[in-house]
Amino acid sequence: GAVVSQHPSWVICKSGTSVKIECRSLDFQATTMFWYRQFPKQSLMLMATSNEGSKATYEQGVEKDKFLINHASLTLSTLTVTSAHPEDSSFYICSATSDSRFQETQYFGPGTRLLVL
Amino acid sequence: GNSVTQMEGPVTLSEEAFLTINCTYTATGYPSLFWYVQYPGEGLQLLLKATKADDKGSNKGFEATYRKETTSFHLEKGSVQVSDSAVYFCALSDRFLEDDKIIFGKGTRLHILP
């Protein structure tokens, strides 16, 4: 089956720094990628939808200037947490699909755990 | 390790039919169980959840009961509508482990015919 990778799997950073998380589709071209956030012991929250070559669509309540998403190619989307603070500590998951009409399933990355000190 | 297995799709039903999508899990701890839904063109949305054995989650006419004895969390709806056409993902998250990351099944695509 299709594989989606994320890098890094774990990151610890100081408050005020920026962190970039990569999401790659390894064996297919991902026209659409989604970014989710899982708060500790809770369910997922959709943050944004990223389409290759266009600006990401953010969900209500998600700060687009804080969570910068770039989908520069059909195999790579990046999420940059700018000026991270401890409340940004979370588990971030991406998913990708090869079909913009969603006739195909989406594939999940393994997630990136961010800890901001 | 923890895992989720759900029935493969696509599942095609007529409107007003009864729906069951099977989901079973393997977990070493005490997981919370979830059903997520992805409508065409959208991201995942939480449909319902249950956090302990015998809990029943329900939303929008869908129900699922956390069965520890059978390690199952089957999704049911008594009368489906065309608007229920979507992909449904079963998932778990182990609340008492350090690594509580969410683990998904592969998804089941549901087609409802008018």
Side-chain angles (χ1 to χ4, degrees), chain A residues 1-4 6 8-10 21 23 30-51 56-62 69 71 77 79 89-115, chain B residues 1-12 21 27 29-52 55 57 59 64 73 85-111:
Chain A
V3 177
V4 173
Q6 282 184 239
S9 56
W10 259 102
I21 302 171
C23 177
T31 54
T32 304
M33 288 185 171
F34 299 93
W35 286 96
Y36 300 91
R37 179 175 179 178
Q38 182 191 7
F39 293 92
K41 315 302 182 186
Q42 297 185 37
S43 58
L44 282 187
M45 179 193 80
L46 176 65
M47 299 175 67
T49 302
S50 168
N51 293 298
T57 302
Y58 289 82
E59 295 299 301
Q60 193 171 11
V62 178
I69 292 172
H71 192 160
S77 176
L79 167 67
S89 298
S90 196
F91 190 65
Y92 293 88
I93 298 177
C94 73
S95 69
T97 182
S98 61
D99 185 347
S100 60
R101 294 184 305 162
F102 298 86
Q103 298 303 305
E104 300 295 324
T105 191
Q106 64 174 323
Y107 299 93
F108 292 93
T112 297
R113 191 171 294 281
L114 170 64
L115 177 61
Chain B
N2 295 348
S3 67
V4 174
T5 303
Q6 63 182 103
M7 63 190 291
E8 292 189 20
V11 173
T12 303
I21 300 178
Y30 300 89
S32 293
L33 302 174
F34 308 89
W35 276 101
Y36 287 87
V37 58
Q38 184 189 21
Y39 296 105
E42 301 180 15
L44 285 185
Q45 299 175 30
L46 178 65
L47 179 60
L48 53 84
K49 69 177 182 180
T51 58
K52 63 182 187 298
D55 270 2
N59 185 26
F73 193 54
S85 298
V87 181
Y88 293 82
F89 292 88
C90 185
L92 73 80
S93 177
D94 201 314
R95 294 172 293 137
F96 295 102
L97 291 183
E98 282 293 320
D99 185 1
D100 65 336
K101 72 176 185 180
I102 199 157
I103 296 172
F104 288 94
K106 292 187 176 180
T108 303
R109 185 173 297 279
L110 176 65
H111 294 290

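Here the structure is a predicted model, which is why all the values come from computation and not from measurement.
- Contact record, B:Phe104 with A:Leu44: CZ-CD1, 3.1 Å, taken as the closest heavy-atom pair.
- A donor-acceptor pair is defined here as one N or O able to donate and one able to accept, closer than 3.5 Å; no such pair exists between the side chain of A:Tyr107 and the backbone of B:Lys106.
- Put simply, the side chain of A:Tyr36 reaches to within 4.5 Å of the side chain of B:Leu44, judged on heavy atoms.
- In A:Glu59, the CD atom is crowded: over 12 heavy atoms of neighbouring residues, nucleotides or ligands sit closer than 6.0 Å.
- Ring geometry, A:Phe108 versus B:Phe89: the interplanar angle exceeds 60°, so the pair is classed perpendicular (tilted spans 30 to 60°).
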